Participant: 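Right, I'll just put the structure down here and ask away after.
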Number of protein chains: 2
Amino acid sequence: MGTLSWRASLYKIPAGDYTVLVTEPLSLRDEQVAQTRAALVAAGRRLFGGQGFAKTSVDDLAREARVTTGALYHHFPRKAALFEAVFELVHRELLMSAAEAAAGSPDEVEFLARAFEAFLDSSLEPDIQRILIIDAPSVLGPVRFAELDEQYASDMLVEALNEAAAAGLLHVEDPETVARLLLGALTRGTMMIANAADPRAARDAVAAGVRTLLAGWSK
Amino acid sequence: MGTLSWRASLYKIPAGDYTVLVTEPLSLRDEQVAQTRAALVAAGRRLFGGQGFAKTSVDDLAREARVTTGALYHHFPRKAALFEAVFELVHRELLMSAAEAAAGSPDEVEFLARAFEAFLDSSLEPDIQRILIIDAPSVLGPVRFAELDEQYASDMLVEALNEAAAAGLLHVEDPETVARLLLGALTRGTMMIANAADPRAARDAVAAGVRTLLAGWSK
DNA sequence: TCGGTTCACATAGCGTCGCTATGTGACATG
DNA sequence: CATGTCACATAGCGACGCTATGTGAACCGA
């Protein structure tokens, strides 16, 4: 436990359990520590997702987590560091649900299309959009945002593109670049959907557009 | 002058002159007012572009514009309102330079490709990226950002797509959606470029990727 | 030309925010 | 059981966004 940094993901939340870096059983005290941290991250998820980063004060966060600001600053050196933990959590959930939704696809291209649509569905929830798309770039800064986004989204997409290419289904010269561009298109698609008068219709329109993009690379 | 709101774009800056809503000659006093406003917007452009919205204080802005904070709040009701004026200015400049760079293209598809590359070149300048891409969504909020982005970018893109489709060069079913997706891909492309170890190489890779996207819709 | 009105800006200060310095008590350790 | 550690709590500082109010110059009708 001694080397457990604030960046490590050791906490329990209703959506699932993640234990990283630590394999041995935790003492009672360490469990309470993890609980406090989890409460802070959960509070961050609710408040950042609901009203955005700027309008959420550190006092709000501490109150929502039923701790004091001192506890918050014991776990996270800055307000933005708590946001980063929330960002990672939400991103991980999003990836998992997308992969789950796309599992069992008949081929690699269909896997991509289904994963994209799952991504779009998630962004029907405005809190996810607020955290991952609206606030993250400015709060984390462009450099850190690019690092995390690469780690959580781009890498997986590159892998999927490469598999589809290996299967002979897609013709992609530069998967690294294409993955970012696709991700950008998807991101903007989510903003369209979230702000559309008819989100359901917008979702279907974006999904069709993305499938058209994929079709453009088909052999 | 009486109905001139803070949203109106009446100022002079080194990059060009914009006079909106007012056609009759200005009095000396009105010119000084426009000068003050221009100084504030110019200061906002420098500071917001250099250090970002959050790290730029209202005092910084007033000092840079060589006025007091009272003057700033006389022209703009909130700090974010000054940012919005800067956003509109930069966006307009970007559109004009992109259209200029693409003028004289042999066909509509080539016009699009050249305009896109001009857009990418502009984002080699980190201040433009910081304002238009990183900070704008969170500062303006998703709703206002979507409105402005539609007004300044999407509409023009939709028009260009429709022209290309009318010329029989592109097969686009839903130009509205495709425009947003393309714009999203471009936006992410600019982030790639700005954070790349070799921006020039990244620029060419993104440009090639975007041309591939367009090729996917070619007949 | 003169009086009053307007208004562009200056000045001072309030409430809130992010963050820090310091205190404290429970628990782990030998 | 004594001692150290550490997970928090408490208090407060400096900076920030914004507002209330003051002021002087420019405009305007008589």
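Per chain, numbering begins at 1; letters A, B, ... match sequence-line order. Every value quoted in this text rests on a predicted model; they were computed, and no experiment measured them.
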Participant: Rounded to whole angstrom units, what separation is found between the CD atom of Q32(B) and the P atom of dA25(D)?
Facilitator: 13 Å

Participant: Salt bridge or not for D60(A) and R63(A), using N-O below 4.0 Å?
Facilitator: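 Salt bridge flag = yes for R63(A) with D60(A).
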
Participant: Salt-bridged, E147(B) to R144(B), with N to O below 4.0 Å?
Facilitator: yes

Participant: Closest to the V67(A) side chain: dA8(C), dA10(C), dA9(D)?
Facilitator: dA9(D)

Participant: Rounded to whole angstrom units, what separation is found between the CZ atom of R63(A) and the P atom of dT16(C)?
Facilitator: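 To the nearest whole Å, that distance equals 11 Å.
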
Participant: Parallel under 30°, tilted from 30 to 60°, perpendicular over 60°: which one fits the rings of Y152(A) and F87(A)?
Facilitator: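 Rings of Y152(A) and F87(A): perpendicular, as their planes differ by over 60°.
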
Participant: In whole angstrom, what separates H75(B)'s NE2 from dC18(D)'s C1'?
Facilitator: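 Result: 17 Å.
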
Participant: Taking CG from L47(A) and P from dG18(C), how many angstroms apart are they, rounded to a whole number?
Facilitator: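 One finds 12 Å between P of dG18(C) and CG of L47(A), rounded.
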
Participant: State whether H74(A) places a side-chain N or O below 4.0 Å from either non-bridging phosphate oxygen (OP1 or OP2) of dA9(D).
Facilitator: no

Participant: Could you work out which one of dC19(C), dC8(D), dG17(D) sits closest to the side chain of K79(A)?
Facilitator: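 Given the options dC19(C), dC8(D), dG17(D), the side chain of K79(A) is closest to dC19(C).
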
Participant: So, does T69(A) get its side chain near the phosphate of dA9(D), meaning an N or O under 4.0 Å from OP1 or OP2?
Facilitator: no

Participant: Which nucleotide wins on minimum distance to the side chain of R78(A), given the candidates dC19(C), dA10(C), dA8(C)?
Facilitator: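 Nearest to the side-chain atoms of R78(A), counting from C-beta on, is dC19(C).
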
Participant: Rounded to the nearest angstrom, tell me the gap between atom OH in Y73(B) and atom P in dG17(D).
Facilitator: 6 Å

Participant: Between T56(A) and G70(A), which residue's closest nucleotide on DNA chain C lies nearer the 5′ terminus?
Facilitator: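 It is T56(A) whose nearest nucleotide is closer to the 5' end.
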
Participant: Using a heavy-atom cut-off of 4.0 Å across all strands, would you classify S57(A) as base, sugar-phosphate, or nothing?
Facilitator: sugar-phosphate

Participant: Say you draw a straight line from CZ of R37(A) to CG of L82(A); how long is it, rounded to the nearest 0.5 Å?
Facilitator: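 That separation rounds to 8.5 Å.
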
Participant: When the distance from CG of D59(B) to P of dA12(C) is rounded to whole Å, what number comes out?
Facilitator: 13 Å

Participant: How long is the line joining CG of L72(A) and P of dC19(C), in whole Å?
Facilitator: 10 Å

Participant: Using atom CD of Q35(A) as one end and atom P of dA7(D) as the other, report the distance to the nearest whole Å.
Facilitator: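 Atom-to-atom, Q35(A) to dA7(D), this comes out as 15 Å.
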
Participant: What pair of heavy atoms forms the shortest contact from A43(B) to L61(B), and how long is it?
Facilitator: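 Closest approach of A43(B) to L61(B), heavy atoms only: CB-O, 3.8 Å.
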
